[in-house]
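Taking it in order: structure first as structure tokens, then the write-up.
Since this is a predicted model, take the numbers as computed values, not measurements. Along the sequence shown, residues are numbered consecutively beginning with 1. Only this structure's heavy atoms are used, side chains among them; waters, hydrogens and symmetry mates stay out.
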Amino acid sequence: IGLGRSGSRFLYLLLAGRPLDATAQGPCLGESGVMAMPRGVVVLGDEICLGHGCEKGKGFIDRLERSLSGSGIELHNWSREEMSAVLVAEQMDEMQAQLREACVSFPEVIVVIALGNHDRALGMEELLEQYLEAVVRMCQNENARPIICQTVPVDSTEERVAKACGCCFVPAPPCVRQHYGSQPDLPYVPSSSCHSDMAKALLQAIVQEFGLNGGGGGEGRMLEKKAKSSRSSLALDGVWMHQENQDLLEMIEGDVIVSADGRQTAIHRSGPDSFVTEIDGQRIEATVRDGRLMWEDGDIWIKVEEDQQHGGMDRPPDRKKKERGDLRSLKRVWDAAEEAVNRTRVEEGKHELEHERERLVHERARIEEWRSKYQQGRQMQHEETEKLSALRAGG
């Protein structure tokens, strides 16, 4: 009828019974030809979500937005520098009104909550869980779907809140945990290389939350394909042994190499058949060739098959049989290392507590000493006053 683009949108909104919102995008045409309003993703975070520490456009939210482009999902980044859960909770009414408008514009809204960095930096860990839960409940009250995204792997606060509220939780990827372990400063800023994995993990959660696994038309299949691609980006999972020393084993899980001593090292794809890791600040590249990892420093890793992991490995006759370094053995070593670390922390805590007790005893002794001197001074003053009074009476 010649209404034009804006007129068609006006007619669609009227027929759908939706309020007119000048900021809302019009309906998009799905694969089946049925008009459907786009979904929305809102991000509440701090400067990590603004891509600080990265080149422009390479932050994990920027990468996520590019992955969502053309899928009928719009992303709106409401993040601000130094934003915290406490700050959002204090501005709850304003934030709720803004979210309510977004829920009017989109039939389905996901709210990505990536807060807690500055709460911890300001020493508000005890309040973080309470305020983070308040933010999640606010989103749920507006019929939005919250996703808690862990950007600072300090503790399990975010995971506990997600379980309590029944919402989706995206843990920090292994590379972020490794980087934070080497630089545990607050407020935390992930290295630029971590943002790619953070975006992949969040994309998978959004695909699942919108129910696009195996559905959602062409857009759903496209996003699912991207998410699957991110999940299988390395395809190196399993146990690998060093060709020169077959008793020395490494386990690759996702994008992390776990050594027998429990050490974790990030590994990333650098090409179709090449991967790169960084050890002690040195970048080392490996190429997959004939099922082997050929490292540029000359080391060669051979993948251990499943039957070899749980059964005996073929060994040269002159080599002594040693304890099998399979997945279970690596896990035992890992658990033992964790237990040792926990014991060390407990002992350190006991030592700190003992030191604190000694300090309190010392302080108490000082206080008693000053109290005694004060009482002696009062007594001397009282005696001098009595002498003066006697002299005045005798005069």
Side-chain angles (χ1 to χ4, degrees), residues 43-64 79-87 112-126 128-129 132 148-160 169-202 233-234 250-259 261-270 275-285 334 337-338 340-342 344-345 348-349 352:
V43 181
L44 292 178
D46 52 34
E47 56 267 26
I48 296 179
C49 298
L50 296 175
H52 283 210
C54 297
E55 294 181 28
K56 186 176 181 181
K58 291 191 175 180
F60 82 104
I61 297 299
D62 298 315
R63 294 170 183 265
L64 176 66
S79 302
R80 296 199 301 269
E81 291 186 21
E82 300 185 5
M83 182 178 274
S84 65
V86 173
L87 183 62
V112 176
I113 302 171
L115 302 169
N117 195 8
H118 287 278
D119 298 275
R120 292 183 173 99
L122 295 172
M124 296 184 177
E125 294 92 344
E126 294 181 359
L128 174 58
E129 188 165 345
L132 190 59
I148 299 180
C149 181
Q150 184 187 44
T151 54
V152 187
V154 176
D155 50 44
S156 59
T157 299
E158 289 89 345
E159 186 175 10
R160 287 198 305 272
F169 170 67
V170 180
C175 61
V176 176
R177 295 198 297 270
Q178 181 187 3
H179 182 258
Y180 178 77
S182 63
Q183 300 181 21
D185 299 321
L186 293 173
Y188 171 63
V189 179
S191 66
S192 58
S193 61
C194 293
H195 282 256
S196 174
D197 290 347
M198 294 167 71
K200 291 173 184 176
L202 188 51
S233 58
L234 297 188
E250 314 281 351
M251 181 168 62
I252 299 181
E253 292 182 326
D255 54 2
V256 172
I257 303 172
V258 183
S259 301
D261 60 0
R263 183 183 58 188
Q264 296 188 39
T265 308
I267 182 170
H268 304 283
R269 184 182 289 278
S270 57
F275 303 85
V276 67
T277 187
E278 190 172 304
I279 300 176
D280 298 329
Q282 182 180 0
R283 179 185 171 94
I284 305 176
E285 191 160 344
W334 176 259
E338 277 195 335
V341 170
N342 290 333
T344 302
R345 287 175 179 168
E348 288 176 350
E352 290 176 1

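Proximity of D46 to L115: side-chain heavy atoms (C-beta onward) are nowhere separated by under 4.5 Å. At a threshold of 4.5 Å between non-hydrogen side-chain atoms, the residues D197 and V176 do not count as touching. Looking only at side-chain heavy atoms (C-beta outward), T157 and E125 stay at 4.5 Å or farther from each other. Proximity of R80 to L87: side-chain heavy atoms (C-beta onward) are separated by under 4.5 Å at one or more points. Proximity of M83 to H118: side-chain heavy atoms (C-beta onward) are nowhere separated by under 4.5 Å. Between K58 and H195, the closest side-chain pair of non-hydrogen atoms is not below 4.5 Å.
The shortest heavy-atom contact between A172 and P153 is CB-CB, 4.1 Å. Nearest heavy-atom pair across T277 and A266 is OG1-O, 2.7 Å. Across all non-hydrogen atoms, the minimal contact from P174 to V256 is CB-CG2, 2.6 Å. Annotation for C49 and A114: closest pair SG-CB, 3.6 Å, computed over non-hydrogen atoms. Between Q264 and V258, the shortest heavy-atom contact is CG-CG2, 4.4 Å. Counting all heavy atoms, side chain and backbone alike, A85 lies closest to L132 at CB-N, 4.1 Å.
Distance OG/S191 to NE2/H179: 4.0 Å, rounded to 0.5 Å. Here the straight-line distance linking atom CZ of R63 with atom SG of C54 works out to 7.0 Å at 0.5 Å rounding. Between atom CD1 of residue I113 and atom CD of residue Q150 there is a gap of 14.0 Å, rounded to the nearest 0.5 Å. Note that the CZ atom of R120 and the OG atom of S84 stand 11.5 Å from one another [nearest 0.5 Å]. Separation of atoms CE (M251) and CD1 (I257) is listed at 11.5 Å; rounding is to 0.5 Å.
Under a 3.5 Å cut-off, the side chain of E47 and the backbone N or O of E82 do form a donor-acceptor pair.
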Please step through side chain to side chain contact (heavy atoms under 4.5 Å, CB included) for the pair I61 and L202, ending with a clear verdict. CA-CA 9 Å; I61 297 299; L202 188 51; 4.2 Å; yes
Does the pair T151 and M198 meet the rule for a side chain to side chain contact (heavy atoms under 4.5 Å, CB included), with working shown? CA-CA 8 Å; T151 54; M198 294 167 71; 4.0 Å; yes
CA sep, side-chain torsions, deciding dist, call: T265, E250, side chain to side chain contact (heavy atoms under 4.5 Å, CB included): CA-CA 11 Å; T265 308; E250 314 281 351; over 6 Å; no
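Using cut-offs of 30° and 60° for the angle between ring planes, the Y180 and Y188 rings count as perpendicular.
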